[in-house]
Chemist: 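Here you go, one structure.
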Amino acid sequence: MSWLLFGLLAVLTLGGGLGVVATRNVVHAALFLLLSLTAVAGVYLVLFAEFLALVQILIYGGAIVIVVLFAVMLTRSSDYPRISDNRQWPLAVVAALGVLGVLAAAFMSRPSPVTRPQSPVFDELASSLFTRWAVPFEVASLVLLVALIGAIIIARASGNER
Amino acid sequence: MQALDQAALFLIVLAPLAGSLLAMFMSRDRPKDAWYFAILVAAVTLALSIYIFVRYDYTAGGYQLSRSFGWLGAPLDINLSLGVDGISAPLVLLNGIILMGGVLIAQTIKHRTRDFFVLLLALGAGVFGVFIVRDLFFLFFFYELAVLPMYLLIGVWGSSTDFGTFLRTKEYGAMKLMLYLVAGSVLIWIGILALYLEAGQQGVSTFDMAKLSDLARDGGLDPTVQRWIFPLFMIGFGVLAGLWPFHTWSPDGHVAAPTSVSMLHAGVLMKLGAYGIIRVGMDLTPAGAEFWMPVLIGLGTVNVLYGAISAMSQGDLKYVIGYSSVSHMGYVLMGIATLHPIGVAGAVLQMFSHGIMTALFFVLVGAIYDRAHIRDSHILNGLFKRMGVVSFCFAIAGLASLGLPGFSGFIAEFMVFTGAFQSDVRLGFVPMALLAGGLGVVGAAITAVYILRLLARTFFGEADRQWAHLTDASPVEKGVAGAFVLILVVVGVWPEPFLRVINVSVATLLEAF
Amino acid sequence: MELAWLIPVLSFIAFPIIVFWGKRLPGGGAPLAIGAIAAGFALFWVALLGFLAATPDTEHCLTDAATGTLACNFQRAWFNAGLPGLPDSVALSWGMTIDPLALAMLGMVTLVALMVQIYSLGYMKGDPHFGWYYACHALFAAAMLTLVLADSFLLLYVAWELVGACSYLLIGFWHERPAAREAAKKAFIVTRLGDVGLLLGILLLWREVGSFSMTAAFELAHSGEMSHGVATASSLLMLLGAMGKSAQFPFHVWLPDAMEGPTPVSALIHAATMVAAGVYLVARAFPIFQYSGDALMAVAIVGLVTALMASTIALTSTDLKRILAYSTISHLGLMMLSLGAGGYTAALFHLLAHGFSKALLFLGAGSVLHSTEQQDIRHMGGLRKAMPLTALLFSLGAMSLGGIPILAGFWSKDEVLSAVSHGLHPVFIVLALVTALLSALYMARAMFVVFFGPSPESEHHDHPVHDAPLAMAAPMVLLGVLAAGFGLISFNWPGSFGGIGSFLFYHEPEGFHFTWWLGILSTILAVAAFAFGYLVYVRKSLSLEGFRRSFAPAIRVVERKYYVDELYQWVVDRVVMVFSRFIALFDRAVVNDVLVNGPANSARRLGVAMRLHVTGHVYSYALVMALGAAALAILWWWRVA
Amino acid sequence: MVPLTYFQLLSAALFAIGLYGVLARRSAVLIVLSIELMLNAVNINLIAAASHMDGVGRFSNFDGQIIAIFVITIAAAEVGLALAIILRMYRNRATVDVDEINLMKW
Amino acid sequence: MPGLTENLLLLTPEFALTGLALLVLAVDLFLPESRKGWLALISIVGLLGLAVLSVVMLQGREETLYGGLLAVDRFALVFKVFFLGLGVLIILSSVDFVRKHLSHPGEFYGILLLSILGMNFMAQARELLTAYIALELLSFSLYVLTAYARSNPKSNEAGLKYIIIGAFSSALLLYGLSMVYSSLGTTSFAAIRDALASGAGAGPTLWVGLALLIVGLGFKLAAVPFHMWAPDVYEGASLPVTAYLAIGSKAAAFALVLRLFAEGIVPVVDIWSRWQIIVAVMAAVTMLVGNLVALAQRNLKRLMAYSSIGHVGFLLAGIAALGPGDTLVANGIILYLVGYAVTSIVVFAALIAFFNHTGQEEIADLAGLADRQPFLAAALAIGMFSLSGLPIFAGFTIKFYLFTAVARAGFLWLAALAVFASFISLYYYLQVIRQMYIQPAPGAPPEQSHGHAAEPPPDSNAHGAAPDAASAIPSPGWRLALVLGLGLAGVFWLGVYPAPLVAIIEGASRAILPGG
């Protein structure tokens with residue numbers, strides 16, 4: 001059962017990913033991304049990480065893809081379809097395969113632990129996040145703050161430039 | 001006295017350095033003040049250098065007036081250790097004299113005068129530093145400090161010359177000089193690091209030259225390693241000493257440099273290289289030195305002949321003197337390479353003598369160039385009629401440079417030859433040394449050829465109409481040139497005050513061989 | 001006797017004083033120089049008497065084993081090369097040796113210098129650089145006297161170079177004249193070439209002996225402990241120096257040109273004293289030369305070749321001073337020949353006799369030049385009437401050198417010939433006799449043409465030719481007396497004086513020996529030569545035209561001085577300067593532009609090429625990062641696995 | 001049960017796909033999307049590892065998930081800022097083609 | 001279970017810094033346009049206060065917080081003070097620039113302050129995720145600051161390139177992190193060390209993970225081959241930001257790398273000794289590429305970018321030479337960072353002053369600066385000499401110290417190469433000096449070479465007449481002058497007597513290299 005599910009989700013994840021990097025249409029790419037991300041959420045469920053699956057759907061499937069679509073709309077122009085791969089794509093294939101090879105070899109060189117997937121309960125997760133990981137958590141909030149301020153300043157319509 | 005003894009060495013570096021820093025804060029608009037200030041500083045250093053030289057007790061030998069200030073502790077063990085011995089004392093004096101002369105001659109600098117003296121004094125401080133420190137780090141520190149101002153001194157106040165077939169701009173001269181010397185210091189630096197490591201292997205992690213020297217003398221340094229390290233010093237310092245084939249920075253640098261910079265450049269800066277070979281190469285890696293000396297003596301010989309032969313066909317007065325410096329530094333290298341007390345002492349004396357002599361040359365060439373705006377010996381003629389004192393002094397400098405007895409150069413060169421002829425006592429390269437000595441003598445004869453040709457062509461005879469406006473040397477120039485001539489003669493007639501100081505330390509140095 | 005050190009020192013002191021304050025001194029400083037040398041001459045007598053009174057027991061004096069003569073040594077420390085007390089250090093001293101050789105030279109030099117300086121008062125009168133002239137003279141005298149007195153090879157070399165420098169300064173005294181400039185330069189450079197040999201010889205000796213002291217070297221040679229090869233090598237090298245100074249073939253080219261200097265200078269430096277220094281050097285180092293043997297042979301050959309060559313050129317030269325110059329070269333060659341033959345006393349005797357005679361001749365020539373302002377003998381003639389005193393004295397000198405009996409040159413030349421006939425292969429004596437004949441011939445030619453021959457019609461002197469003024473005449477007279485009578489000291493006179501051979505000898509005191517057949521033969525040759533000259537140049541009863549025509553090519557070779565100058569010029573222009581220019585070009589094109597600029601430019605070009613990897617495309621940055629990441633991961637893994 | 005290695009290989013493959021996208025695409029927006037794929041690959045790896053931990057440390061099995069939360073946060077911020085810059089770029093230069101975005105090079 | 005309040009006191013400076021940043025952002029809202037200068041003042045006073053506070057509070061404390069996530073030790077303190085001081089200098093030198101060339105000064109200073117917070121945490125982090133988040137805080141700030149001059153296409157482009165490559169590299173880094181986590185179950189430096197030492201959990205996943213971490217950090221350091229973004233970003237960013245990038249972000253990244261290596265990898269000698277060579281080669285390539293390519297640059301910022309790549313090579317050589325218990329190398333790295341920062345701040349302050357008045361940033365534009373504004377020229381020349389490693393300036397001492405340390409650790413060849421590379425660098429530094437001192441100012445009569453055959457030229461000393469009023473540059477404002485003065489004093493001080501600083505640094509090194 002889990003094998004079947006995993007196989008299906010893997011196909012969807014990778015397929016979505018390939019769609020993102022292969023399609024000529026940006027909107028399609030965004031939709032492929034959505035597909036892939038959703039499949040990833042499914043993978044999390046297979047791994048019993050329900051909370052993460054939820055976060056994945058909410059943030060990625062919701063927020064990020066919407067932002068992307070907004071951006072695509074805002075920058076939409078007739079030349080989008082024309083844009084596809086650049087001249088170095090064969091090298092890119094080599095690099096990607098190379099990295100994949102290294103990673104796969106590293107992963108496969110070690111026997112997989114024979115443990116069942118397990119997952120913490122929500123409150124354990126939460127208390128860890130706010131105690132042990134309190135500092136990174138707060139710093140991450142500052143990162144968001146910076147990104148927010150930055151995005152506003154940079155993207156805002158110009159007018160008062162000196 | 002006691003207090004001055006304690007502080008003399010520190011002061012002699014500090015005075016020009018502080019002078020340089022203070023001069024930075026002087027007004028740009030009052031160039032005369034900067035000159036007076038520089039004279040004051042130079043006079044102080046000259047007085048100190050004379051004091052140090054006189055104070056050096058040649059009966060006791062060794063390092064004297066020593067002080068040490070802690071700088072960085074173990075495992076680097078870098079200290080500002082100061083001390084003079086019989087080899088450095090004359091060179092300190094030389095620098096005091098040349099610096100004073102250079103500052104005086106710089107009277108003619110009208111453009112950014114203050115900056116000029118800032119740099120010139122820094123240069124002087126660097127040179128003093130190299131001669132008096134007893135620590136590899138600081139030796140290297142001051143060595144680079146002496147090189148650094150040269151770029152701007154030449155680049156800003158120098159002159160560009162079009163030789164028809166080729167152009168030598170001051171930018172080129174300055175850049176080449178700087179890069180060349182720093183390239184040499186790359187090797188030195190690597191050598192210092194290697195030496196530090198090797199000493200560290202023996203449990204003596206230090207940059208202190210006294211300790212390293214003791215270690216080397218006790219056989220603590222692996223001879224094989226020394227053989228690898230010495231060439232680094234030989235070439236690295238050799239670059240500054242004008243070692244063939246790493247000499248071309250020197251004539252081109254002279255051609256571009258203003259008068260007082262040329263004086264310091266040929267007068268003392270080139271001596272740093274030879275001093276470095278003695279002080280660092282021979283003292284700290286004796287086994288390496290012994291192994292490589294046949295090469296050095298060969299290169300020194302090439303220097304002598306190559307420089308002299310090149311000088312023969314030069315038209316520009318500064319090129320003539322520049323190549324002649326290359327040739328004369330060859331005697332220094334040759335003398336060092338004899339590893340014989342007389343030869344090495346001769347080399348040290350030659351450093352002093354050549355320093356004064358070549359500074360004198362540049363004073364005179366500068367005086368001519370300031371007035372005629374040309375240095376081409378094929379075009380200048382009959383200067384004797386217009387510039388009697390300049391020409392007279394030039395003739396004397398020329399005679400001194402061709403090794404005429406009665407001038408210091410003779411004593412030095414003769415000692416170098418003597419050393420070369422005897423150096424087989426210690427080493428197995430008799431034919432080499434004999435040949436070197438023999439060719440060295442030939443080189444002196446070639447010197448006669450180009451110097452006399454120059455005198456005949458440029459100074460004697462009737463002057464063209466276009467030189468009718470030339471005036472003789474200014475009082476300052478006369479004074480400086482006269483003082484230099486006097487030194488040349490005094491040392492040439494009575495070298496003992498110098499030699500007794502030099503001998504004692506050379507003997508100590510050569511104990512390691 | 002110890003006061004002899006004052007002899008050069010006085011003149012040394014005079015030099016800077018005249019240079020710096022000459023203009024303010026009375027007489028432009030000339031009296032100071034003359035006073036110094038006069039005092040030197042006086043002190044010479046003091047030293048001579050002191051020496052004659054000395055015995056081997058006297059302090060500082062002992063009988064030198066190598067030379068067999070009494071020698072007195074005085075030393076003052078100069079400087080130490082190397083730390084005193086170490087085995088390979090050397091202590092150098094200002095030292096003087098007073099022995100017969102030194103004394104003989106001392107007397108000749110002080111006397112001739114004094115004469116010439118007095119003479120110059122008249123000759124150089126009104127010259128703008130009068131003071132400088134005397135300063136140089138003072139310096140020269142000092143250096144020459146130091147050379148003569150030196151007890152170490154090093155000090156000798158010092159003085160040797162200094163006299164060369166003075167010669168340079170004095171030849172180039174009238175530096176406005178290009179010829180004088182060139183001649184001065186040539187003189188210095190050519191002698192300097194020889195000096196290379198001298199210095200090397202000295203150094204080689206030092207290497208063997210471990211000291212620059214002459215005595216030590218001689219003792220080593222005398223004791224036979226010196227390596228034979230070193231002795232030969234160093235004496236040959238020193239011979240080079242001597243050849244340069246004494247203008248021996250092939251270094252003779254500078255001396256004729258040196259006649260561009262003021263004539264008194266020629267008389268002093270280029271006739272009597274400095275050029276004799278080479279002969280003096282060989283004589284001084286005689287123990288080593290003799291020890292070597294081969295070197296002595298070389299000396300003889302050099303002397304003979306030079307003597308022959310120079311005398312032929314003298315015959316064809318038309319410049320009065322140059323005739324004298326070649327004559328000097330020739331006679332110096334004879335002295336060398338004599339030394340080579342072992343005729344030590346003869347050589348030195350000839351040196352002295354020639355010195356006086358030649359100085360006289362030059363002063364006479366100077367007198368002629370001074371009043372006629374003419375050097376070419378073809379434009380002279382019949383001056384006997386206008387300047388009788390000069391004519392008389394000049395003839396005296398010429399006949400003395402030509403070997404007319406009773407005059408000094410006759411005796412000394414006979415001594416030389418005698419030595420040659422005893423010491424060397426018969427070929428040498430034959431050729432020496434030829435030289436003697438030629439010598440008489442050219443002397444006769446000069447004398448007869450200038451003073452006794454017909455006055456050239458075309459020449460009309462704008463100002464009357466006059467005889468020498470007193471300042472010039474007096475020295476000439478004194479020298480004339482010596483030229484005439486100096487030979488008399490060679491005899492064993494009754495009393496304690498045993499002739500010069502008992503005073504100035506090598507190993508064994510020599511009596512006066514006169515080889516009758518040689519004496520007669522040479523007398524015949526000399527007289528015949530003068531008679532021939534008289535017939536040709538005065539009587540014009542003989543004509544040389546036929547001879548000239550039939551030997552035209554050979555004569556042209558001689559007239560062109562055997563093309564030695566041309567050869568030198570060719571070597572300098574086509575070899576030395578070309579080589580020098582090549583080296584200079586090499587320095588710029590190869591050492592600088594290729595080896596220095598090359599790496600610098602390559603580095604810059606490498607930088608320019610390398611910067612292209614930053615393409616500006618963000619994806620290529622990412623690509624390189626990805627490849628780098630893969631590579632790093634592989635390496636990282638590989639190193640630890 | 002699906003072994004950990006399979007999840008890891010899935011993550012590696014997704015990572016490689018994202019990597020390819022970054023290297024090969026010309027649209028800046030698509031490059032940003034590809035980076036998101038890579039970050040997702042990271043998260044798969046983290047969560048898979050976290051779920052398969054055999055209790056090395058007390059919190060160990062949580063940490064992967066917590067890290068993944070941070071990654072998602074950062075990724076979101078990244079997308080936002082990157083798109084803002086792209087937008088500004090588009091306004092100024094009317095292009096999002098990275099081939100044309102090379103005013104500065106060498 | 002440690003709570004949120006655990007040792008909260010020890011993080012006071014960080015909280016205060018956050019507060020300061022928020023204060024600046026808030027005050028900005030209420031300040032009229034003409035009073036924005038106050039923001040800089042508030043920031044500077046705040047930073048100085050924080051520096052004092054940090055020293056007073058944390059002096060001598062050696063603590064580990066949050067189960068090994070954060071360290072409060074001498075090392076962190078030294079870097080904290082360093083970053084705070086750097087912030088002061090950067091803000092001081094930005095004020096004029098911001099007023100003239102940028103809008104939104106409040107946000108500019110606020111983000112700058114937040115980035116300092118990020119740097120502080122980077123120096124303190126003992127765990128990969130904490131380090132990563134801190135690094136992202138810094139990175140995001142820098143992305144924003146780089147793209148801050150939004151109407152400038154170069155600035156846009158730099159921001160875009162920076163964030164894309166930055167995100168890409170952080171993906172690589174995170175993947176490495178995830179691999180480390182998957183093999184160890186934890187991401188603290190200590191755990192990595194233990195795993196390497198014991199072999200438990202160690203394996204290819206860990207090796208590759210660590211390698212990818214290094215890639216991510218290598219990007220931050222701009223080490224070859226992860227350096228290509230740097231020139232573009234340096235060129236596109238505003239000058240004060242470029243300065244900040246060159247000095248601050250580099251120093252923070254090295255602080256992180258130093259702690260990661262010193263605490264996580266170096267103690268396991270047998271593994272580290274095999275990896276050293278890789279880092280060493282990377283260092284070698286970095287110094288060569290940086291210095292060689294710099295030879296071909298014309299833009300001053302780009303030149304500084306390549307130059308800083310070269311310096312990273314030297315610093316990486318130090319990293320490669322790290323050894324357990326050997327504080328000399330660590331000292332060398334930290335000293336080098338300080339010396340490099342002091343020197344660079346002089347160079348950049350001078351460039352900012354120049355740019356403020358001329359708007360130029362090509363090397364050729366500096367022509368004749370020595371006549372147009374001698375003080376700036378002198379400061380810039382001293383900075384250049386110092387960067388090239390010539391004595392009496394900081395550059396010489398720090399290079400000598402670092403290279404000696406590297407050689408002593410057994411990497412003589414690397415030290416030799418570094419010496420050689422810094423020799424190459426001299427050429428382009430001299431080119432800058434040449435422009436300022438030797439080339440005539442624009443408008444000044446060109447100097448002719450003195451031909452031998454030509455007419456006698458005018459007196460050689462008469463050239464370079466006083467520049468006309470148009471080309472003269474007024475002296476820098478008091479803020480920049482203050483920065484320059486402080487920087488120059490530092491440059492000389494470090495060049496002549498660095499011993500006190502070395503003593504402080506020694507303490508920092510001991511904190512991360514136990515047993516030293």
Side-chain angles (χ1 to χ4, degrees), chain D residues 4 8 11-12 15 18-19 22-23 28 31-32 34-39 41-50 52-61 63-64 66-68 70-71 73-75 77-79 81-82 84-86 88-93 96 98 101-106, chain E residues 1 67 127-130 132-133 136 139-140 143-144 146-147 150-168 170-188 191 200-201 205 231-236 293 296-299 301-302:
Chain D
L4 175 59
Q8 288 173 330
S11 126
F15 190 76
L19 185 75
V22 175
L23 302 189
I31 290 176
V32 172
S34 303
I35 291 172
E36 293 308 311
L37 287 180
M38 293 170 75
L39 292 174
V42 171
N43 280 349
I44 293 175
N45 203 3
L46 282 170
I47 289 165
H52 286 83
M53 279 300 152
D54 46 2
V56 176
R58 193 169 154 212
F59 298 102
S60 55
N61 41 5
D63 287 353
I66 286 171
I67 294 170
F70 282 116
V71 172
T73 316
I74 297 294
E78 217 155 54
V79 171
L81 189 54
I85 294 173
I86 291 171
R88 165 56 59 187
M89 188 82 204
Y90 183 75
R91 293 227 183 103
N92 284 357
R93 307 258 301 269
V96 293
V98 290
I101 304 177
N102 67 341
L103 277 181
M104 295 174 291
K105 50 181 174 282
W106 299 329
Chain E
M1 180 184 256
E127 189 271 342
L128 288 174
L129 181 78
T130 314
Y132 170 73
I133 298 284
E136 283 296 335
S139 298
F140 272 71
Y143 300 153
V144 174
T146 302
R150 42 189 204 166
S151 59
N152 179 352
K154 278 190 171 181
S155 174
N156 301 149
E157 179 178 328
L160 184 59
K161 283 177 171 169
Y162 195 16
I163 194 168
I164 287 177
I165 298 294
F168 179 68
S170 74
L172 289 170
L173 187 150
L174 281 172
Y175 206 86
L177 186 151
S178 77
M179 291 177 86
V180 171
Y181 173 75
S182 74
S183 49
L184 300 181
T186 170
T187 49
S188 78
T205 325
D232 292 356
V233 173
Y234 278 46
E235 186 181 346
V293 179
Q297 298 307 316
R298 294 205 186 83
N299 181 291
K301 288 175 177 170
R302 250 185 132 68

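Reckoned from all heavy atoms, side chains included, excluding hydrogens, waters and symmetry mates. To find a chain, count down the sequence lines: A is the first, B the second, and so on, and within it residues start at 1.
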Chemist: So, taking the atom named CG in D:Asn45 and the one named OH in E:Tyr175, what distance separates them when rounded to the nearest 0.5 Å?
Modeler: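 Going from the CG atom of D:Asn45 to the OH atom of E:Tyr175 covers 4.5 Å.
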Chemist: Of the listed residues (E:Ser155, E:Gly236, E:Ser178), which shares the most heavy-atom pairs with chain D below a 4.5 Å separation?
Modeler: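 Most heavy-atom pairs within the cutoff with chain D belong to E:Ser178.
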Chemist: Who wins among D:Ala41, D:Ser11, D:Ala48 for the most heavy-atom pairs under 4.5 Å with chain E?
Modeler: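 Heavy-atom pair counts peak at D:Ser11.
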Chemist: For each of E:Pro231, E:Ser182, E:Ala200, E:Ser183, tally heavy-atom pairs with chain D at distances under 4.5 Å, and name the one with the top tally.
Modeler: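 Option with the greatest count: E:Ser182.
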Chemist: Out of D:Leu19, D:Val32, D:Val98, which one racks up the most heavy-atom pairs below 4.5 Å with chain E?
Modeler: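 Result: the option with the highest number of such pairs is D:Leu19.
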Chemist: Between D:Ala84 and chain E, which part of the residue has a heavy atom less than 4.5 Å away: side chain, backbone, both or neither?
Modeler: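 Neither; nothing under 4.5 Å.
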Chemist: Where does D:Leu103 contact chain E at under 4.5 Å (heavy atoms): side chain, backbone, both or neither?
Modeler: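 Both backbone and side chain.
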Chemist: Is there a donor-acceptor pair closer than 3.5 Å between any side-chain N or O of E:Glu157 and the backbone N or O of D:Met104?
Modeler: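 Yes: the side chain of E:Glu157 pairs with the backbone of D:Met104.
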Chemist: How long is the gap from CG on D:Asn92 to CZ on E:Arg150, to the nearest 0.5 Å?
Modeler: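 Going from the CG atom of D:Asn92 to the CZ atom of E:Arg150 covers 9.5 Å.
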Chemist: How long is the span from the CG atom in E:Asp232 to the CG atom in D:Asn102, to the nearest 0.5 Å?
Modeler: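 So the gap between those two atoms works out to 8.5 Å.
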Chemist: Need one label for D:Ala12: side chain, backbone, both or neither, based on atoms under 4.5 Å from any heavy atom in chain E.
Modeler: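 Both the backbone and the side chain of D:Ala12 come within 4.5 Å of chain E.
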Chemist: Using heavy-atom distances under 4.5 Å, tell me whether E:Ile164 contacts chain D through its side chain, its backbone, both, or neither.
Modeler: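 Contact with chain D is through both the backbone and side chain of E:Ile164.
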Chemist: If you measure from OH on E:Tyr143 to CD on D:Glu78, what distance do you get to the nearest 0.5 Å?
Modeler: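 Nearest 0.5 Å value for the OH-CD distance: 5.5 Å.
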Chemist: Which bit of E:Tyr162 is near chain D, if near means a heavy-atom gap under 4.5 Å: side chain, backbone, both or neither?
Modeler: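 Neither part; nothing is under 4.5 Å.
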Chemist: Please state whether the side chain, the backbone, both or neither of E:Leu172 comes within less than 4.5 Å of a heavy atom of chain D.
Modeler: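 For E:Leu172, heavy atoms of backbone and side chain both lie under 4.5 Å from chain D.
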Chemist: Does any non-hydrogen side-chain atom of D:Ile74 lie less than 4.5 Å from one of E:Phe140?
Modeler: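 Sidechains of D:Ile74 and E:Phe140: in contact.
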Chemist: About how many Å separate OG1 of E:Thr187 and CD1 of D:Ile67, when rounded to the nearest 0.5 Å?
Modeler: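 D:Ile67 atom CD1 to E:Thr187 atom OG1 measures 4.5 Å (nearest 0.5 Å).
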Chemist: Measure E:Ala147 against the heavy atoms of chain D and call it side chain, backbone, both or neither at under 4.5 Å.
Modeler: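 Side chain of E:Ala147 only, per the 4.5 Å heavy-atom cut-off to chain D.
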Chemist: With a 4.5 angstrom heavy-atom cut-off, could you sort out which part of E:Glu235 is near chain D: side chain, backbone, both or neither?
Modeler: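 E:Glu235 touches chain D through backbone and side-chain heavy atoms alike.
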Chemist: Does any heavy atom of chain E fall under 4.5 Å from the side chain of D:Thr73, the backbone, both, or neither of them?
Modeler: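 Neither part.
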Chemist: How far apart are the C-alpha atoms of E:Leu177 and D:Leu46, what are their side-chain angles, what is the distance that settles it, and do they pass the side chain to side chain contact (heavy atoms under 4.5 Å, CB included) test?
Modeler: CA-CA 9 Å; E:Leu177 186 151; D:Leu46 282 170; 4.3 Å; yes
Chemist: Nearest 0.5 Å, please: how far is OH in D:Tyr90 from CG in E:Leu160?
Modeler: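 Reported to 0.5 Å precision, the distance equals 14.5 Å.
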